[in-house]
There are 2 protein chains.
Amino acid sequence: MAIDRDSVLKAAVGVLSRQPTAHLDEIARAAGISRATLHRIFPGRDALIREVGLLALRKYNAALDTAAIEDGDAQLALRRLAEVLVPDAALCAFLAGENQLFDDPELCALWENQDARVRALFLRGQQEGVFRIELSASWLSEAFFDLLAGVGWAVQDGRLAPRDSAFALIELFLGGALRRTSTS
Amino acid sequence: MAIDRDSVLKAAVGVLSRQPTAHLDEIARAAGISRATLHRIFPGRDALIREVGLLALRKYNAALDTAAIEDGDAQLALRRLAEVLVPDAALCAFLAGENQLFDDPELCALWENQDARVRALFLRGQQEGVFRIELSASWLSEAFFDLLAGVGWAVQDGRLAPRDSAFALIELFLGGALRRTSTS
DNA sequence: CTCATCTGAGACATCCATGTCTCAGATGAG
DNA sequence: CTCATCTGAGACATGGATGTCTCAGATGAG
């Protein structure tokens, strides 16, 4: 039963990250179950959306722990974080597209807590002289998440190869688009 | 009358870029008119969304022309483009969040045409040795747009000062988050 | 096999946004 | 002032997604 919940949530992410207004029929079909069974697992649409949001935030938080972003060199910590997050980029794309989620105080608090950890990572990196100080830590955090969501969308639509996605994200975010003529 | 259309569209962008599922009531209120008048200007919700999409694409295209992205140094061309686009970042945020728009063949063709111009800009920059070749031109194009939409959201929610937005976008995208220790 | 449980299909009822209409008040030109 | 036009408020019908229910068939343990 618990396995069913997770597989349904996973399927829901695949649909909702691209089409936040998808009907429950489509979500059920994507999960390989009927609309009736979907209703048996989740009381309603709102509950389903909320569960997906919780899953996304849990995975995000787990990624912060796995990557141990509070430890070691800030740049390496961010690289670890990207490697861990990219496989679940679709979840971040879902979070980015489902703004209604932030009406929920609990989800909002979870998000704020986790975003603070990421901001702290960038602030630490700035203090260590690793990250640029001309760009605020909050903007770096937000931009990192925007690009992560973008990776999720691009992979889902087949515009970006999953194997290239971590490289594309971290290289663009860390190094930018300009060729470093001074170091070549 | 034509002035009314534009002001309504402008208000609609402000609402829809943050909440793509906003009711027509909210849009009408945001525009300072009644739902009845909104219906008099636009036949229905679909028509309104489509008009906003067309406006966004027209502005985007005008920005490409104004910035003359086909001329001169690729980096400078991109900087000009960012400067011109940032004031209308909310429109790009709307485009990014309204995936349903791309069911329309006309809008889809317009987008594809304009995105091709941006991709060509990056390809040119890569050939000139300005942009990195490890990242594909299409990914650079997509990431640029993702960050642009992110700027739009951040400004709308008050997380980013409008005056800083162009700098934040172009500096992060071109130079990345890393401090350039080798050049300092 | 037998029975309990789960599932899918379908038939409803319900809710809500949308679309349409009317009418009274406001606006503005003459 | 007078009339034409526009607007806002509200009532009303409509459509579609959602939520609930039933029932027959499938599954699976004993």
Check the orientation of F131(A) and F122(A). Use parallel for under 30°, tilted for 30 to 60°, and perpendicular for over 60°.
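Ring orientation of F131(A) relative to F122(A): tilted.
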
Consider the side chain of T37(A), meaning its heavy atoms from C-beta on, and name the nucleotide among dT7(D), dT7(C), dC21(D) that approaches it most closely.
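Looking only at side-chain atoms, T37(A) lies closest to dT7(C).
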
Shortest side-chain distance from R45(B), nucleotide among dT7(D), dG8(C), dG19(C):
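For R45(B), the side-chain atoms sit closest to dG19(C).
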
Using a 3.5 Å cut-off on both pairing distances, which stems of three or more Watson-Crick or G-U pairs include DNA chain D?
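C:1-30 with D:1-30 - these are the stems of 3 or more pairs that involve DNA chain D.
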
Once you round it to whole Å, what is the distance between [atom2] of [N] and [atom1] of [X]?
X	N	atom1	atom2	value
H39(A)	dC21(D)	NE2	C1'	12 Å
L38(B)	dG19(C)	CG	C1'	12 Å
F42(A)	dG19(D)	CZ	C1'	16 Å
R5(B)	dC6(D)	CZ	C1'	17 Å
D46(A)	dA17(D)	CG	P	16 Å
I33(A)	dC6(C)	CD1	C1'	12 Å
R29(B)	dA9(D)	CZ	P	10 Å
I27(A)	dA17(D)	CD1	C1'	12 Å

Any sub-3.5 Å donor-acceptor pair from E171(B)'s side-chain atoms to A168(B)'s backbone N or O?
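No, E171(B) side chain to A168(B) backbone: no donor-acceptor pair under 3.5 Å.
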
Closest non-hydrogen atom pair, I33(A) against I41(A):
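Looking at all heavy atoms of both residues, the closest pair is CD1-CD1, 4.3 Å.
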
If every non-hydrogen atom of D157(B) is compared with every non-hydrogen atom of R18(B), which pair is closest and at what distance?
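Closest heavy-atom pair between D157(B) and R18(B): OD2-NH2, 2.6 Å.
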
Let's see if you get this right: which residues in residues 16-24 of chain A place a heavy atom under 4.0 Å from DNA chain D?
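H23(A), L24(A), in order of number.
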
Would you mind reporting whether [Y] and [X] have side-chain heavy atoms less than 4.5 Å apart?
X	Y	result
L172(B)	E134(A)	no
V84(A)	Y60(A)	no
V130(B)	R179(A)	no

Are S138(B) and S141(B) linked by a side-chain donor-acceptor pair shorter than 3.5 Å?
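The criterion, which ignores hydrogens and geometry beyond distance, is not satisfied for S141(B) and S138(B).
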
Are Q100(B) and T21(A) linked by a side-chain donor-acceptor pair shorter than 3.5 Å?
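Judged by distance alone, the side chains do not pair up.
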
Is a donor-acceptor contact shorter than 3.5 angstrom present between the side chain of R35(B) and the base of dG10(D)?
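Answer no: no donor N or O sits under 3.5 Å from an acceptor.
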
